[in-house]
Novice: 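I have a structure I would like to understand better, so I am pasting it below and will then ask my questions one at a time.
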Protein chains: 2
Amino acid sequence: MKSMNVCKTCSLSSKTVFGSLTTEESEQLEANLECYEYKKGEIIYKEGSRITGFYCVKKGVFKIYKTGIDSKPQIVAFAQKGDITGYRSVLSNEPACTTVESLEDSEVCYIPSSLIFEFIRKNSNFALSLIQLTCKELNTANDLIKDIAQKTVRERLAETLLMLDQTFGKDEEGFINVNLTREDISSIIGTATESVIRILSEFKTDGLISLKGKKIGIGNYSKLESISNSFLK
Amino acid sequence: MKSMNVCKTCSLSSKTVFGSLTTEESEQLEANLECYEYKKGEIIYKEGSRITGFYCVKKGVFKIYKTGIDSKPQIVAFAQKGDITGYRSVLSNEPACTTVESLEDSEVCYIPSSLIFEFIRKNSNFALSLIQLTCKELNTANDLIKDIAQKTVRERLAETLLMLDQTFGKDEEGFINVNLTREDISSIIGTATESVIRILSEFKTDGLISLKGKKIGIGNYSKLESISNSFLK
DNA sequence: CGGAACTTTGACACGTCTCAAATGCCGTGG
DNA sequence: CCACGGCATTTGAGACGTGTCAAAGTTCCG
């Protein structure tokens with residue numbers, strides 16, 4: 001599944017921290033990239049394994065999760081085009097604390113850690129970008145803690161639907177453009193799969209969303225927002 | 001409450017990121033520090049406010065929380081001697097995402113952000129230390145997400161007691177050395193105060209802990225660990 | 001010593017989980 | 001291209017954990 005095509009996505013994307021690199025550094029990055037393809041359901045790396053570089057998503061979507069009680073996964077984030085994963089473990093030099101698995105056929109670029117550390121040493125803007133990236137994720141994580149701890153399953157589901165809609169956009173038919181099972185959704189929220197299904201049915205009955213197979217389309221944003229914020233309680 | 005005594009705690013403590021500074025930089029740090037005192041219950045900064053520097057705890061304990069539904073606080077971390085708070089907002093140049101409040105009479109050093117950014121620019125080791133600090137916290141936060149989402153209140157309380165014991169140690173009588181109300185504990189776990197009280201009573205009845213006023217002492221570590229990990233389920 | 005804040009206990013309602021079974025969907029192989 | 005098997009989804013019933021409200025008891029601090 002390895003292909004040695006050079007990838008310009010990473011170094012050129014202003015979304016990634018690599019936007020802080022100088023021209024020479026970008027060229028150096030290009031020269032040291034390795035691209036890989038992953039079929040749906042394949043795993044880049046598992047929790048506990050040693051990883052030796054960053055993975056920058058070129059195409060597709062990945063779910064990032066920790067394994068909890070009874071091997072039940074807890075999804076803590078997603079990664080799609082332009083997102084980087086694996087950086088936490090590389091930078092803190094610890095085993096991977098999450099598992100990364102593709103939700104569809106995907107491609108990623110691998111950037112060896114030696115190169116990353118060289119950039120950090122030489123380019124303080126790059127270091128600062130990395131710092132800001134982790135700080136942003138830290139804040140997101142803290143918000144999630146608050147939400148999970150204080151909101152009901154119903155509220156969290158409403159919020160999660162809005163988050164998914166915003167993160168992945170819509171397909172031609174207006175459905176959220178990501179391929180998640182009901183079980184995946186329950187792993188985001190931290191609840192039973194059946195609870196997700198039941199509340200989704202309610203939302204549909206109330207005209208808030210439309211369902212077609214496993215696809216979900218949001219019909220009434222403001223009401224979902226109200227529910228997610230508990231204004232209706 | 002401001003006192004201009006220079007503080008050696010920050011720059012000398014190997015626990016903090018300031019351990020990565022050179023000798024000259026440490027001196028520069030010392031020269032620019034400002035120390036403040038906070039009485040029990042006082043607030044360093046509130047969620048949403050602009051903060052202009054790091055706060056390094058010299059003495060005492062602070063709770064760090066986000067305000068959620070119905071103004072209910074959600075504690076996401078603590079800070080005690082050698083810990084730094086405020087860095088996330090400073091580094092990502094955003095308003096504070098948490099409120100920091102002292103649990104006892106405390107002292108902190110304030111380090112202006114201009115100095116921090118100068119150190120980042122000049123000293124890649126310092127930048128790397130900061131990166132690793134945020135990465136570590138990010139992992140902690142992700143673990144917390146998994147725990148809150150998947151564990152019962154009972155399990156989380158057991159886990160929280162062990163965490164508090166490890167974080168704050170014991171006083172002369174063997175009780176956990178931190179001054180938390182039952183409500184504070186419920187704000188860590190994300191549950192009702194009454195639930196905390198009820199389960200604490202059970203734990204006491206089962207001989208796992210001892211209670212004296214609001215103080216809590218752990219008697220049976222291994223059993224609490226079992227409960228927190230759901231091995232007994 | 002008094003009052004406010006905190007802790008404790010009880011009763012009850014409700015949300016959510018678990019278990020079970022039926023149905024629907026989809027990819028694989030014949 | 002269809003049939004099959006397996007996996008995902010859906011629905012129902014019942015049990016259990018947890019939240020809410022109320023009231024009494026206790027501790028802490030001025």
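Residue numbering restarts at 1 for every chain, and letters A, B, ... go by the order of the sequence lines.
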Novice: What is the distance, to the nearest angstrom, from the NZ atom on B:Lys151 to the P atom on C:dC17?
Specialist: 17 Å
Novice: A:Glu104 has an atom CD; how far is it from atom P of C:dC26, in whole Å?
Specialist: 16 Å
Novice: Measure CD1/B:Ile199 against P/D:dC16 and give the value in whole Å, please.
Specialist: 17 Å
Novice: Mind calculating the distance between CG (A:Leu211) and P (D:dT9) to the nearest angstrom?
Specialist: 11 Å
Novice: Ignoring hydrogens, what is the shortest heavy-atom contact between B:Cys97 and B:Ser89? Give both atom names and the distance.
Specialist: N-OG, 3.7 Å
Novice: So does A:Gln132 have more than 12 non-hydrogen atoms from other groups sitting under 6.0 Å from CD?
Specialist: yes
Novice: Within the pair B:Ser201 and C:dT8, is there a side-chain N or O less than 4.0 Å away from OP1 or OP2?
Specialist: no
Novice: Between B:Glu137 and B:Arg88 (salt bridge meaning N to carboxylate O under 4.0 Å), is one present in this structure?
Specialist: no
Novice: May I ask you to say whether B:Glu173 pairs ionically with B:Lys215, meaning some side-chain N is under 4.0 Å from a carboxylate O?
Specialist: yes
Novice: How many whole angstroms separate atom CD of B:Glu202 from atom P of D:dT18?
Specialist: 10 Å
Novice: Tell me the interatomic distance from B:Lys204, atom NZ, to C:dT7, atom C1', rounded to whole angstroms.
Specialist: 12 Å
Novice: In terms of relative ring orientation, are A:Tyr38 and A:Phe62 parallel, tilted or perpendicular, with 30° and 60° separating the classes?
Specialist: perpendicular
Novice: Answer yes or no: side-chain N or O of B:Arg198 and base N or O of C:dG10 forming a donor-acceptor pair under 3.5 Å.
Specialist: yes
Novice: Does any donor atom in the side chain of A:Thr134 or A:Tyr87 lie under 3.5 Å from an acceptor atom in the other side chain?
Specialist: no
Novice: Give the rounded distance in Å between these two atoms: CD1 of A:Ile197 and P of D:dA13.
Specialist: 17 Å
Novice: Starting at atom CG of A:Leu200, determine the distance to atom P of D:dA8, rounded to an integer number of angstrom.
Specialist: 17 Å
Novice: For B:Asp165 and B:Thr167, which I'm curious about, is there any donor-acceptor pair between the side chains at under 3.5 Å?
Specialist: no
Novice: Taking the side chain as every heavy atom from C-beta outward, state whether A:Leu200 and A:Leu157 have any pair of such atoms under 4.5 Å apart.
Specialist: yes
Novice: What's touching nucleotides 26-28 of chain D from the protein side, N or O pairs under 3.5 Å?
Specialist:
none

Novice: Between B:Tyr36 and B:Tyr110, what is the ring plane arrangement, given parallel below 30°, perpendicular above 60°, and tilted in between?
Specialist: perpendicular
Novice: Tell me which residues in residues 177-195 of chain A lie within less than 4.0 Å of DNA chain C, going by non-hydrogen atoms.
Specialist: A:Thr191, A:Ala192, A:Glu194, A:Ser195
